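Worksheet for the structure shown next.
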Amino acid sequence: MKIGYPCINRGIGCTANSTFRLANYSPDNLVNKVTNNLACLKKILEYNVDNNLLFFRISSDLIPFASHPICEFKWQDYFKEHFSELGSFIKKNNIRISMHPDQFVLINSPKEEVVKKSIADLTWHCEVLDLMGLDDSAKVQIHVGGIYGDKESAINRFVRNYKKLPQPIKRRLAIENDERLYSVKDCLSVSEMTKVPIIFDSFHHSCLNDGQTMREALGLIQQTWNKHDGIPMTDYSSQQLNSKVGKHTEHIDIKDFRKYIKRTKGIDFDIMLEIKDKEKSALKAIKAISA
DNA sequence: AGTTGTCAAGCTAGT
DNA sequence: ACTAGCTTGACAACT
């Protein structure tokens, strides 16, 4: 079991997700930002290794506008060595990596244009992981998508479009249960038809489920992970008190976390802590499971 | 130097 | 038909 946090380290003094406005796009600007982002990513990963945090989500802002038509710059070639070096560090230290394109990436949209842009976005995410030389256990996670008035046809559209995806995307794509539309059960029916592995989000599951306990849900999604995919990835968070249902907590509720670990004992999975204070909570969590 | 509005992209639910 | 909210950090323009 590895513990990690997404995209940002709040204490280290640099960011690996610095971007700029589309209006300010230029190859120079891109090179500058990406150079800094990659340098910071290295620092974050070093910090993580030093602190036994061996699961990390790389920000989708690592390469700003990578899949936008404006970006004709061949960043893949320009930063080839950087990626390869980062990849070696990741492999040497046995770090698990994920990426999570945002809400605009929808492969089940009825709009062809949206699907096309989504595939372009998935392509660059996978290219980054490929340039690092990472195996199939480095995943790119998305949600199933919208309902568009008819869930069954929305699911069928996902399956149809999934089957047409290029192999470099298929080998890395994973779907995650969300808090409003697609539950673990829904994801399972998608996975049955596509063999796509499911990332279990415990917080979303507490918002939307079909009656399964955390343990039952984890047991179900575990079966969607093949050997080459690695052990299941999961997201963990908890409710921010006195806030709207679904809001992620500011700091880890270590009591709730311990309970979760206890209830899921015996199942091996990696945990991404989707918590605002990032590495601070991750340090508490790693301490809690090591104790 | 600090504050606030805005940012490439989409969908759902509520009016 | 239209818009706020999702959920969110950081850029960029403004005090």
Side-chain angles (χ1 to χ4, degrees), chain A residues 5-26 28-30 32-34 36-37 40-41 44 57-73 75 99-125 140-155 157-158 161 175-183 186 201 203-204 206-208 235-251 272-281:
Chain A
Y5 58 96
C7 309
I8 293 165
N9 181 304
R10 298 208 180 278
I12 208 167
C14 68
T15 63
N17 58 327
S18 182
T19 181
F20 50 83
R21 294 290 191 258
L22 180 59
N24 296 333
Y25 177 88
S26 71
D28 271 1
N29 218 349
L30 183 76
N32 280 338
K33 290 292 183 187
V34 175
N36 289 335
N37 285 345
C40 184
L41 178 59
I44 294 176
R57 182 184 298 163
I58 296 174
S59 168
S60 293
D61 281 329
L62 186 75
I63 321 284
F65 302 103
S67 70
H68 193 281
I70 202 171
C71 182
E72 291 181 336
F73 183 79
W75 54 269
M99 294 187 85
H100 192 345
D102 63 27
Q103 60 189 328
F104 307 106
V105 172
L106 296 154
I107 70 164
N108 77 339
S109 173
K111 297 176 192 162
E112 210 175 304
E113 198 52 33
V114 173
V115 176
K116 212 174 121 190
K117 284 186 203 164
S118 298
I119 294 173
D121 216 57
L122 290 171
T123 300
W124 87 256
H125 282 84
V140 173
Q141 65 187 96
I142 59 172
H143 296 287
V144 178
I147 299 272
Y148 312 94
D150 177 1
K151 200 170 194 175
E152 197 184 329
S153 43
I155 287 180
R157 207 161 41 241
F158 183 101
N161 288 339
I175 57 171
E176 175 194 349
N177 60 304
D178 66 77
E179 78 284 21
R180 292 181 307 136
L181 308 176
Y182 291 93
S183 65
D186 298 324
D201 187 308
F203 187 38
H204 291 163
S206 69
C207 300
L208 177 73
D235 289 341
Y236 168 88
S237 185
S238 61
Q239 175 67 35
Q240 171 73 47
L241 289 176
N242 307 321
S243 287
K244 202 169 270 184
V245 172
K247 187 170 169 61
H248 289 193
T249 182
E250 193 75 32
H251 313 287
M272 179 65 62
L273 298 170
E274 294 191 317
I275 297 177
K276 294 269 176 61
D277 69 4
K278 306 286 178 182
E279 80 281 1
K280 211 168 148 193
S281 283

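The figures here come from the full heavy-atom set of this structure, side chains too, leaving out hydrogens, waters and symmetry mates. Chain letters run A, B, ... following the sequence lines, proteins first and then strands; every chain starts at 1. In this text the structure is predicted, and so the values were computed from the model without any measurement.
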Nucleotide pairing, DNA chain C (Watson-Crick or G-U, distances under 3.5 Å), in dot-bracket with [ ] and |: ||||||..|||||||
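Within the nucleic acid shown, Y148(A) comes within 4.0 Å of sugar-phosphate atoms alone, with no base atom in reach, counting heavy atoms only. Using a 4.0 Å heavy-atom distance criterion, E179(A) is classed as a sugar-phosphate-only contact. T15(A) comes within contact range of the sugar-phosphate backbone alone, with a heavy-atom separation under 4.0 Å but no base atom that close. Within the nucleic acid shown, I147(A) comes within 4.0 Å of sugar-phosphate atoms alone, with no base atom in reach, counting heavy atoms only.
Within 6.0 Å of NZ on K280(A) lie no more than 12 heavy atoms contributed by other residues, nucleotides or ligands.
Judged by ring centres under 5.5 Å apart and planes tilted less than 30 degrees, F104(A) stacks against the six-membered base ring of dA9(B).
Across dT8(C) and dT3(B), the matching P atoms stand 22 Å from one another, rounded to whole Å. As rounded to the nearest Å, dA1(C) and dA9(B) have C1' atoms that lie 22 Å from one another. Across dC7(B) and dT3(C), the matching P atoms stand 16 Å from one another, rounded to whole Å. Remark: the separation of the P atoms in dT4(B) and dT7(C) is 24 Å, to the nearest Å. Nucleotides dA8(B) and dA12(C) place their P atoms 9 Å apart, quoted to the nearest Å.
Picking from dG10(B), dT8(C), dT7(C) the nucleotide with the shortest atom distance to the side chain of H248(A) gives dT8(C). For N24(A), the listed nucleotide lying nearest its side chain is dA12(C); candidates were dC11(B), dA12(C), dA9(B). If you check dA8(B), dA10(C), dC11(B) against the side chain of I8(A), the one that comes closest is dA10(C). Among the nucleotides dT12(B), dC11(C), dA9(B), the one closest to the side chain of K33(A) is dC11(C).
Following rounding to the nearest Å, N37(A) (CG) and dC11(C) (P) show an atom-to-atom distance of 9 Å. Protein atom CG of D102(A) is 10 Å distant from nucleotide atom C1' of dG10(B), rounded to whole Å. One interatomic measurement links the two molecules: CD of E112(A) to P of dG10(B), which rounds to 15 Å at whole-angstrom precision. Whole-Å rounding puts the R180(A) CZ to dA13(B) P distance at 7 Å. For the pair N36(A) CG and dC11(C) P, the interatomic distance rounds to 11 Å; values are reported in whole Å. For F20(A) and dA13(C), the CZ to C1' distance is 18 Å, given to the nearest whole Å. Rounded to a whole Å, the CD1 atom of I70(A) is 13 Å from the P atom of dA9(B). Atom NZ in K116(A) sits about 17 Å away from atom P in dA9(B), given to the nearest Å.
When all heavy atoms of T19(A) and P64(A) are compared, the pair lying nearest together is OG1-CB, 3.5 Å. Across all non-hydrogen atoms, the minimal contact from R57(A) to Q141(A) is NH2-OE1, 3.6 Å.
Of the possible donor and acceptor atoms, one in the side chain of N177(A) sits under 3.5 Å from a partner among the backbone N and O of D201(A). Side chain of R180(A) to main chain of C207(A): no donor-acceptor pair is present (N/O by atom type, distance under 3.5 Å, no hydrogens or angles).
Residue N17(A) has a polar side-chain atom (N or O) positioned under 4.0 Å from OP1 or OP2 of dA10(C).
Residues N36(A) and S18(A) form no side-chain contact, since every pair of their non-hydrogen atoms from C-beta on lies 4.5 Å or further apart.
Between K276(A) and S18(A), the residue anchored closer to the 5' end of DNA chain C is K276(A), taking for each the nucleotide with the nearest heavy atom. If P110(A) and W124(A) are placed on DNA chain B by their nearest nucleotide, the residue sitting closer to the 5' end is W124(A).
For R21(A) against dT6(B), a side-chain N or O and a base N or O form a donor-acceptor pair under 3.5 Å.
Below 30°, between 30° and 60°, or above 60°: for H204(A) and H143(A) the angle between ring planes is between 30° and 60°, a tilted geometry. Using cut-offs of 30° and 60° for the angle between ring planes, the F65(A) and F20(A) rings count as tilted.
Partners of C14(A) according to the disulfide bond (SG atoms under 2.5 Å apart) rule, which considers only residues two or more places apart in sequence or in another chain, are C40(A).
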